[in-house]
Amino acid sequence: METLLDMDFSIAEHAADSIFITDTESRVIYQNPEARRMFQLDDKEILGYSVIEKLHQHHPDGKPINREQCKVYRAAAYGESARDFVWLISRDDGSQFYVSGTASPLYADDVRIGAVFFGTDITARQNAEDALIKSTEKLQLAIEAAELGMFDFYPQTGEVVWSEKMREHFGLPPDASVDANTFYSGIHPDDRERVRAVIHEVSRPDASGRYQLEFRTIGLIDGKERWISLRGQVHFDTDGNAIRRVGVTVDFTEKHEAEKRVQIAAQHDSLTGLPNRALLFEYCEHLLAQAQRIGANSAVLFVDLDRFKPINDLYGHETGDKVLQEVARRLLHCTRKEDVVSRLGGDEFIVVLPRVHGTEDPETVAQHILDTVCKPIRVESLHLTVSPSIGISLFEKHASDLAGLIRCADLAMYAAKRAGRNTFKIYSPEHQQFAIEQVKLEQHLKEALDANKLTLLYQPVIDIATGEVVGAEALIRLPDANGTLLGPDQFIPIAESAGLIDRLGLWVTREACRQQQDWTESGLTVPSMAINVSASQFRHPEFASQLTKAIDESGMDPCHLEIELTESTVMDNIPEAIAKLTHLKSRGVRIVLDDVGTGYSSLSHLSNLPLDKLKIDRSFTDNLESNQSSQSIADTIIGLGRALNLEVVGEGIESEEAMSYLRHHGCDQAQGYLFSKPLSAHDFESWCRSRTGHYH
């Protein structure tokens, strides 16, 4: 039976909602990044504790929630589901916020193993609703205190009686004189004829005489706009003639404005103020229908930001939010008033152009967005840069509804990313075919994982000074239907998007450890086995325990294992990374920082990490012998390694000149096609045993 510890949390890591997963006692065993941000509790503060103990829950009225009332506890302990309940949460620093939650029991093999909680911050909406309630309460108090406008009008004589409050509703001072024309003169021009028509209709001899209206007044003196609710009664004589109109008015401007705020909050993204998905579809349904009637062309642009995740990872969500707000402002600047700019979520935006001429207009807008968004964004002392990848679809050429247009633009956007990012592509059927192929490849990857049909190749690592083999790097490959080995660049992005990357990483770990031990038992000395660890795998709460379990099951000596992590992976959460790596290092595992020079590390950060080795990225070893910029970076990394007493490896070495440069500048190790391409386990062993000398 699957247990909580076996579960795959990769999808939850990128969810926009807060997610907690608990055991059957409602003790938290996992929280995603959004939960950390919203509740401001790091893993040490909440993992292993009951949600009722750590999340200070109250009913919306402020009354504390006890254990039996806690929806998450009841889901975990009794299997009860609860949707759309509201908590008022108090943080340790005294701040409070509202959460709309859903709690459901979690099952594995028909056995309840815990609960899952999804939470959304609804503070803005709740505050707006509270304002509406208060406005309604004020209105009730006004009625009870006779805060009503009163009017009495005799059509045949023109006699008019208005109360002071009635005069106030029409923007008049208490002693202002009124006549038969004052009423219609004070009504907003856009509402005047509608009101006149209703009163005329109810004044007919065969009408009931009762009527109710809502309209705006424009203050005859103060010019202020007010929303007025009127209830009236027409009295008739025995001949059916209207002889009197009497009624009351109420100023409900505050209530109307509160309702408007609630509506705006419900239809707009709380971070950027842009229309959300619901309003986008509601509004664009009318726009596209109008375009279809008049034969106009329309276009949809799907905008996704490149290099946004490292900003969130390195500088926090608050900085990331400010970047998104600035991007939203720039998108609005790039479009016309009639165009619609919406945020779908995360770093994805939709731009709808209701009137375009062929492809020229949307291409012009897309290029304007590219030129504008990629300019540096200043957040306090930081100068940050993101770029957009844009997909374009055309109405009705590609689809006849908004959902279809967004889907086509989304496929085109991914084509833009494949083309190098920071560009735009117009949808074509080939993009759909590519998506179909990606789905097939995802299914093939799942089947290969299930059937243990993945393959590891091993590339030798050479000691530059002696030429001896000092290690191997395990590189995963996926055999296709024809037996061709697909490289990681073809299926790793699919594994990440499909939530398979952690499972893939665990397979690599077990297989590499097993192979290293097999070589040892056969008498082949391979001092180190290096495996690559993804960011998702490293963030997994059970990463360290899973790694040590794989080592123990294989029987290998932990000191022969090296784990390679990229800079952005360890910079995501420095304290957590240090804790995990220190634990693994205490078991003998060696730690390698991969792709050095391509990320955002600093000397202060690196000096705090328990590292053993730095790897110079292949982008800096290509043409190393002639590229001064690459030489400067390589020299810096080698110097950094020397200062921190770390070994330095140059990867991707393909020429004698590059090898010579690294040797003369003090690099310790190298790997690349100059020595050997990645080999199967059998060929690697044969290659090592057949060597008669060392490379110098």
Side-chain angles (χ1 to χ4, degrees), residues 13-16 32-34 36-38 40 269-274 301-335 341-351 365-391 413-414 416-417 419-424 493 496 535-536 539 565-577 593-606 608-609 617 619-620 629 633 636:
E13 288 293 304
H14 307 289
N32 71 345
E34 179 61 18
R36 294 189 194 98
R37 185 193 69 79
M38 184 185 299
Q40 297 182 5
D269 173 49
S270 59
L271 177 64
T272 63
L274 296 176
L301 279 62
F302 196 116
V303 182
D304 184 271
L305 300 183
D306 310 321
R307 301 192 305 274
F308 176 72
K309 186 177 182 300
I311 293 175
N312 263 348
D313 292 343
L314 293 175
Y315 305 114
H317 286 277
E318 183 177 353
T319 297
D321 287 349
K322 291 179 180 178
V323 170
L324 292 175
Q325 290 170 337
E326 176 59 24
V327 169
R329 284 190 287 270
R330 295 184 182 187
L331 290 176
L332 290 171
H333 177 72
C334 292
T335 54
V341 180
S342 171
R343 181 184 176 219
L344 284 187
D347 58 352
E348 295 178 340
F349 297 85
I350 294 292
V351 178
V365 174
Q367 187 60 54
H368 191 22
I369 291 173
L370 292 174
D371 296 338
T372 303
V373 171
C374 68
K375 293 178 180 178
I377 297 173
R378 183 169 183 175
V379 180
E380 297 177 350
S381 61
L382 301 173
H383 286 76
L384 306 173
T385 302
V386 293
S387 62
S389 290
I390 305 173
M413 179 273 294
Y414 278 107
K417 285 187 177 293
R421 305 175 186 268
N422 193 27
T423 188
F424 65 83
E496 291 175 337
S536 174
R539 284 195 296 263
L565 306 106
T566 63
E567 292 183 74
S568 60
T569 297
V570 296
M571 297 304 164
D572 184 12
N573 187 327
I574 292 292
E576 182 179 334
L593 193 64
D594 197 5
D595 298 344
V596 176
T598 64
Y600 303 85
S601 62
S602 66
L603 183 59
S604 61
H605 286 144
L606 292 181
N608 291 327
L609 291 168
D617 185 69
S619 62
F620 303 122
S629 177
I633 294 174
T636 299

Hey, could you give me the CG/CE distance between Leu301 and Met413, rounded to the nearest 0.5 Å? 12.0 Å
Spatial distance of atom CG (Asn32) from atom CZ (Arg37) [nearest 0.5 Å]: 10.5 Å
Is any side-chain heavy atom of Val303 less than 4.5 Å from a side-chain heavy atom of Val341? no
Distance from Thr272 atom OG1 to Glu326 atom CD, nearest 0.5 Å? 12.0 Å
Are any of the side-chain heavy atoms of Phe302 and Ile350 separated by less than 4.5 Å? yes
Euclidean distance, Asp594 CG relative to Leu565 CG, rounded to 0.5 Å: 8.5 Å
Using 0.5 Å steps for rounding, measure from the OG1 atom of Thr423 to the CD1 atom of Ile390. 8.0 Å
Taking the side chain as every heavy atom from C-beta outward, state whether Leu305 and Val373 have any atom pair closer than 4.5 Å. yes
Donor-acceptor pair, Arg378 side chain versus Glu380 backbone, under 3.5 Å? yes
Heavy-atom donor-acceptor pair, Arg539 side chain to Glu13 backbone, under 3.5 Å: no
Is there a side chain to side chain contact (heavy atoms under 4.5 Å, CB included) between Ile633 and Asp617? Walk through the geometry before answering. CA-CA 10 Å; Ile633 294 174; Asp617 185 69; over 6 Å; no
State whether the side chain of Asp306 and the backbone N or O of Asn422 hold a donor-acceptor pair below 3.5 Å, judged by distance alone. yes
If only atom types and distance count, is the side chain of Arg343 paired as donor or acceptor with the main-chain N or O of Leu274 below 3.5 Å? no
Go through the side-chain N and O atoms of Asp371 and Gln367 and say whether any donor and acceptor fall under 3.5 Å apart. yes
Using only heavy-atom distances, determine whether the side chains of Ser389 and Asp304 contain a donor-acceptor pair under 3.5 Å. no
Between Thr372 (side chain only) and Ile369 (backbone N and O only), is there a donor and an acceptor less than 3.5 Å apart? no
List the steps and the verdict of side chain to side chain contact (heavy atoms under 4.5 Å, CB included) for Leu384 and Tyr315. CA-CA 10 Å; Leu384 306 173; Tyr315 305 114; 3.7 Å; yes
When rounded to the nearest 0.5 angstrom, what distance separates CZ in Arg330 from NE2 in His333? 10.0 Å
Taking the side chain as C-beta and beyond, is there a heavy-atom pair between Ser387 and Leu370 under 4.5 Å? no
If you count every heavy atom of other residues, nucleotides or ligands that lies below 6.0 Å from Phe308 atom CZ, does the total exceed 12? yes
